[in-house]
Amino acid sequence: AARPLSGRKVVITAGPTFEAIDPVRGLTNRSSGKQGYAIAQALADLGAEVTLVSGPVFLDAPQGVRRINVEAATEMQAAVEAEMAAHSVDVAIMSAAVADWRVDNVATGKIKKAPGGAPALHLIENPDILAAVSKSGPLRPKLVIGFAAETSDLEANARAKLSRKGCDWIVGNDVSQDVFGSDANAVILFTRDSAESWERQSKRDIARRLAQHITRHFKAHP
Ligand code: C5P
């Protein structure tokens, strides 16, 4: 098989994050990780050296991919940054559904149900991993790709996200249809000056198409 991405280093985040409340409870979301895992597989199949930084999901690591398991957003960010510091990363794809907030006052022991009423959770904002990776500097990957899950105004919101986060491409996802946990997806790929709609198809086919796009990008910009 052709391995047009051999020698290219890729970091992908996928899945949800899990933000602890106490040692047994936490805040998370319904991301399945399927799209990110499929992208990791598709890029490895084209010869890329892929590190998958994954939140808790029920999926096997793709063949030929190095998986780093994390829980909290702060751990996910540290793993991505360590990867970028260790070797020059060509492509970063941030497909994880990172929790927007984490609990500030994480309890060291299990919080007891008490007659006094429910405990108060104080939330603080998580770091924006995509925005941090997109910042220019010597470690910035050549190509930084984010995701935008929107229920309305996909084009306007995805374009706004592209410039606000400073990434190069955004994969826009219309999540008003059935996407979460599904094996199919319909997306629009936004670059700085173009948009391309990909009709509903398997997440594996979306992943292969994105991998082809990345391959073409590096042919044009070696
Ligand atoms: O606007 P929103 O934060 O939902 O944008 C989603 C994109 O940003 C996704 O690519 C997601 O992986 C990334 N993101 C991130 N860190 C966050 C929040 C979102 O990397 N804290």
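We number each residue from 1, following the sequence as shown. Every number for a ligand or one of its atoms is a count from 1 in the order of the listing.
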Taking distance alone, with N or O pairs closer than 3.5 Å, would you say [X] contacts ligand 1?
| X | value |
| --- | --- |
| Ile129 | yes |
| Leu130 | yes |
| Lys161 | yes |
| Ala99 | no |
| Arg164 | no |

Q) Using heavy atoms and a threshold below 4.0 Å, how should the contact between Pro127 and ligand 1 be classified: side chain, backbone, both, or neither? A) backbone
**Q.** atom 6 (C) of ligand 1: nearest protein contact (heavy atom, Å)
**A.** Phe147 O, 3.1 Å
Q.
Among all the protein's non-hydrogen atoms, which is closest to atom 3 (O) of ligand 1, and how far away is it?
A. Lys165 NZ, 2.8 Å
Can you list the ligand 1 atoms lying under 4.0 Å from a non-hydrogen atom of [X]?
| X | value |
| --- | --- |
| Val98 | 15 (C), 16 (N), 17 (C), 18 (C), 21 (N) |
| Ala96 | 11 (C), 12 (O) |
| Met94 | 9 (C), 10 (O), 11 (C), 12 (O) |
| Gly146 | 10 (O) |

So do the side chains of [X] and [Y] get within less than 4.5 Å of each other, counting heavy atoms only?
| X | Y | result |
| --- | --- | --- |
| Trp169 | Leu189 | yes |
| Glu155 | Ile188 | no |
| Val89 | His87 | yes |

(Q) Any salt bridge linking Arg200 with Asp174? Criterion: basic side-chain nitrogen under 4.0 Å from a carboxylate oxygen. (A) no
**Q.** Ion pair check, Asp90 and Lys142, cut-off under 4.0 Å
**A.** yes
Q: Take Arg216 and His213, measure what side chain to side chain contact (heavy atoms under 4.5 Å, CB included) needs, and give me the verdict at the end.
A: CA-CA 5 Å; Arg216 254 181 270 144; His213 249 262; 3.9 Å; yes
(Q) I'd like to know whether ligand 1 has Gln77 as a neighbour, heavy-atom separation below 4.0 Å. (A) no
**Q.** Residue of the set Val11, Val53, Leu139 for which side chain to side chain contact (heavy atoms under 4.5 Å, CB included) holds with Glu83
**A.** Val11
Q.
Can you see whether Ser194 engages Glu196 through a side-chain donor-acceptor pair at a distance of less than 3.5 angstrom?
A. no
Q) Just checking, any donor-acceptor pair under 3.5 angstrom between side chains of Ser95 and Gln35? A) no
